[in-house]
Amino acid sequence: MRLTRYFMPVLRENPAEAQIVSHRLMLRAGMIKQNAAGIYSWLPLGFKVLRKLENIVHEEQIRAGHVPMLMPTMQSADLWRESGRYDAYGPEMLRIRDRQDRDMLFGPTNEEMITDIFRSHVSSYKDLPLTLYHIQWKFRDEMRPRFGVMRGREFFMKDGYNFDLTKEDALHAYNRHLVSYLRTYERMGLQAIPMRADSGPIGGDDTHEFLVLADTGESEVFYDSAVTDLTFGDRDIDYDSVAQCQGVMEEFTNLYARTDETHDQALFDAIPAERQRKARGIEVGQIFYFGTKYSDAMGAKVQGPDGKPTAVHMGSHGIGVSRLVGAIIEASHDDKGIIWPEGVTPFHCGIVNLKQGDAEADAACDALYTSLRALGLDPLYDDRKERAGGKFATMDLIGLPWRITVGPRGLKNGVVELTSRKSGESVEMPPEQAVEKIA
Ligand code: ATP
Ligand code: MG
Ligand code: MG
Ligand code: MG
């Protein structure tokens, strides 16, 4: 992309309404625009990151054997009356009446709808196990929408639902989700720690939240510092293996890590004092096993191997895709701007032309741009007629992992400058070598 043809409305000043750094940087980098309280447009740069996260989530869900689909944002109140949640959900649910006077709602989550789809089409245990998911906009009329996309009212969420014959099978699905989530967050360059949590309005017994440690997080958390040493890495996991998934679940949840809702002071005190940590975290996902809560209420049964109808065991599993954009920035920035992890960066690198209009510099930038794109990379070429300082500040703000700086002086010696956003280190090298380094 050439910057002169792009739409990236960067702000010079710090927007007054932003209380936390991720919100401030997303506004300043021209990633989002608020349209109403907690409702945002995703401008091109923000949209690119959102799509990258969405793709990672899809890839990891499909790798785990889960099946993508898409349900609507609008739902009929009738299904929620069946589960009893139409009244129970409270004012966070945005209720809408259509022209036929039917009660509708903008879905805050999809347990009812997916259970209805399941009961309409699945009648035998032979069709199990089944995990369906979608990534779709949700609406919750939050009391205090704030911190930009971190607590929006309209937000983008992956929600998946498993259907299993037995509790045992459903717990395998739970563990499989835990494993796939560990992989997902690590690919985004994040450490998200599974912590024992409270199930809230979804209901159920077993639940873990995934938390990214950050001072600006809204959750209070207590943990054994040894959990932060755990990494999933690139282990090869067989998602069908009950033992493997359970092993990973145990490894990542045996150490003490809980949110304030389930915090147990006596257990916490038993951790060696130097490893006790009290901190704040951002909830970027949650997994639940809730047994037959919805299948009982809504009659989602299959014929078991014994021929008898039996209610399916279910769980639901959410990832806050739009919140993650903010969470990644909270975890990765400096005083100049965002520092995108490689896996989620909106562009792979920036090309800064120090002397736009200089025939040689323009030609060298064009050549770099072409060869990067030929390798399947996505460069952002700052081809504006601006001062170098302004161009550097913009690149630092939007946080691409690499910057290639091209100017007449370097070109005389056959070199450009390659700068790492993270380390700030700059090295001169021939253009081809810079391309190789980035690829
Ligand atoms: P919170 O405790 O932050 O209100 P939640 O527990 O109500 O979140 P879940 O029902 O568990 O949310 O939804 C799954 C994920 O969706 C959450 O882990 C979070 O990452 C994301 N999410 C929930 N509410 C919002 C929101 N208002 N804005 C952005 N993301 C959200
Ligand atoms: Mg909530
Ligand atoms: Mg929560
Ligand atoms: Mg939650």
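Both counts, for ligands and for their atoms, begin at 1 and track the order of listing. Bear in mind that the values here come from a model prediction, so they are computed numbers and not experimental data.
A perpendicular orientation is assigned to the rings of Trp80 and Tyr89, their planes being inclined by more than 60° (bins at 30° and 60°).
A cation-pi arrangement is present between Arg2 and Tyr369, with the terminal nitrogen or guanidinium carbon under 6.0 Å from the aromatic centre and inside a 45° cone about the axis.
Residues satisfying the salt bridge (charged side-chain N to carboxylate O under 4.0 Å, His left out) test with Glu54, not counting sequence neighbours, are Arg51. Every residue was checked against the salt bridge (charged side-chain N to carboxylate O under 4.0 Å, His left out) condition with Arg24, not counting sequence neighbours, and none meets it. In terms of the salt bridge (charged side-chain N to carboxylate O under 4.0 Å, His left out) criterion, Asp260 has no residue partners (sequence neighbours excluded).
Of the charged side-chain nitrogens involved, none lies within less than 4.0 Å of a carboxylate oxygen, so that Arg280 and Asp215 do not count as a salt-bridged pair.
Counting only protein N, O or S atoms closer than 2.8 Å to the Mg ion (ligand 4) gives 2.
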